[in-house]
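Naming convention: chains lettered A, B, ... in sequence-line order (proteins, then strands); numbering from 1 in each chain. Values below: every heavy atom of this structure, side chains too, minus hydrogens, waters and symmetry copies.
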There are 2 protein chains.
Amino acid sequence: MAKGCSNQNKLQNCCPVERTLDLIGGKYKALILWNLVGKTLRFSDLQREVTAATPRMLTKQLRELEEDGLLSRKVYAVVPPKVEYSLTELGESLRPILESMYIWGTAFLHKQGRTPCCSMKELPKIQEH
Amino acid sequence: MAKGCSNQNKLQNCCPVERTLDLIGGKYKALILWNLVGKTLRFSDLQREVTAATPRMLTKQLRELEEDGLLSRKVYAVVPPKVEYSLTELGESLRPILESMYIWGTAFLHKQGRTPCCSMKELPKIQEH
DNA sequence: CGGTATCCGGAGTGATACTG
DNA sequence: CAGTATCACTCCGGATACCG
């Protein structure tokens with residue numbers, strides 16, 4: 001059952017809950033996904049949002065998310081370089097999970113007497129389809 | 001913003017999404033929580049469910065979940081020893097998150113042509129309150 | 001039954017410097 | 001702008017043995 005499975009093409013978890021966590025549980029991954037919900041951002045934008053991540057780590061997490069089909073990376077052949085990241089349909093389908101985590105986490109932080117550092121204000125309306 | 005935060009009382013994430021993941025994202029934690037939803041299990045029961053975890057790791061994850069207030073550990077002063085683990089109210093409140101991860105993960109595994117290894121059949125009905 | 005104690009290899013990640 | 005390369009180090013977590 002997937003020892004040390006960390007998104008390599010090793011043996012992967014087949015428990016749905018664990019499998020989901022494999023995809024979104026990596027360092028900075030949830031934060032990256034959360035920032036990309038309904039938006040397209042460039043690498044430097046993401047660096048600004050995920051301040052704790054070094055370029056190296058940010059790149060690594062983005063590549064893994066791309067491999068797993070959760071986001072797409074669009075490279076423009078211009079100078080200076082321009083790369084845009086956005087969620088795929090599969091990535092957008094994580095939205096309910098991310099939102100319920102956001103809601104739960106907000107309540108939890110308040111119970112601890114702490115203040116959430118990122119708000120939901122810029123999150124677009126949920127689109128039914 | 002919480003470098004290397006792994007449930008020690010260091011500096012913790014204040015982003016709700018990341019904070020939630022801090023609590024449930026640890027190794028085997030989601031699986032443990034998932035198995036305890038609506039149920040009470042003994043240590044040996046959990047070992048049977050979370051087969052990949054060594055006693056050492058299982059203990060560690062259980063202790064962290066307890067510290068975070070997600071589950072309670074009840075020790076009976078009998079011989080042989082008897083310890084029961086169950087979710088607290090806070091732990092049970094994670095249910096919607098775990099369920100949406102289960103649903104998403106199941107669909108994802110099917111898209112990959114794989115078969116989920118744990119079913120939902122034994123999960124009790126959702127109790128509104 | 002329900003854990004602890006100890007050892008230790010290696011994956012994960014930060015820091016720093018460099019590049020097309 | 002959007003990364004890559006290299007080094008160094010922490011500490012996660014497996015294996016194994018033991019205990020009240």
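Regarding B/Gln47, its CD atom lies at a distance of 13 Å from the P atom of D/dG14, rounded to whole Å. Rounded to whole Å, atom P of D/dC11 lies 14 Å from atom CD of B/Glu64. As rounded to whole Å, 15 Å separates atom P of D/dA15 from atom CG of B/Leu58. Atom CE in B/Met57 sits about 12 Å away from atom P in D/dA15, given to the nearest Å. Rounded to an integer number of Å, the gap from NZ of B/Lys60 to C1' of D/dC12 is 6 Å. Look at CD on B/Gln61: it is 18 Å from P on C/dG2, rounded to the nearest Å. The nearest whole Å value for the distance from the CG atom in A/Asp45 to the C1' atom in D/dC1 is 11 Å. Residue B/Lys74 contributes atom NZ, which lies 15 Å from atom P of C/dG2 at whole-angstrom precision.
Under the 3.5 Å distance criterion, the side-chain polar atoms of B/Thr88 are matched with a main-chain donor or acceptor of B/Gly69.
A sub-4.0 Å separation between OP1 or OP2 of C/dG14 and a side-chain N or O of A/Tyr28 is present.
Sequence order on DNA chain C of the closest nucleotides to B/Arg42 and A/Thr54 puts B/Arg42 first from the 5' end.
For the salt bridge (charged side-chain N to carboxylate O under 4.0 Å, His left out) test, no residue two or more places apart in sequence or in another chain qualifies with B/Arg63. Under the ring-ring contact (aromatic ring centres under 6.0 Å, His included) criterion, A/Phe108 pairs with A/Trp104, sequence neighbours left out. Under the side chain to side chain donor-acceptor pair (under 3.5 Å) criterion, A/Arg48 pairs with A/Asp45, not counting sequence neighbours. For A/Thr106, the side-chain contact (heavy atoms from CB on, under 4.5 Å) partners two or more places apart in sequence, or in a different chain, are A/Tyr102, A/His110, A/Pro116, B/Pro16. Not a single side chain to side chain donor-acceptor pair (under 3.5 Å) links A/Ser44 to another residue, sequence neighbours left out.
Looking at heavy-atom distances under 4.0 Å, A/Tyr76 makes no contact with the nucleic acid at all. Nucleic acid contact class of B/Pro81 (heavy atoms, under 4.0 Å, all strands): base.
Across the helix from C/dC1-D/dG20 to C/dG20-D/dC1, the helix axis at one end is tilted relative to the axis at the other end by 60° (nearest 10 degrees, each axis from five pairs).
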Between N or O atoms, less than 3.5 Å apart, protein on one side and nucleotides 3-6 of chain C on the other: list the pairs.
from, atom 1, to, atom 2, distance (Å)
C/dG3, OP1, B/Arg73, NE, 3.4
C/dG3, OP1, B/Arg73, NH2, 2.5
C/dG3, OP2, B/Tyr85, OH, 2.7
C/dT4, OP1, B/Arg63, NH2, 2.8

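Counting side-chain heavy-atom gaps under 4.5 Å among Ile, Leu, Val, Met, Phe, Trp and Tyr, B/Leu109 is found in no cluster with other residues.
Within the structure, side chain to side chain donor-acceptor pair (under 3.5 Å) pairs that include any residue of residues 73-83 of chain B comprise B/Arg73-B/Tyr85, B/Tyr76-B/Glu84 (at least two apart or interchain).
In this structure, the side chains of A/Leu31 and B/Cys15 come closer than 4.5 Å at one or more pairs of heavy atoms.
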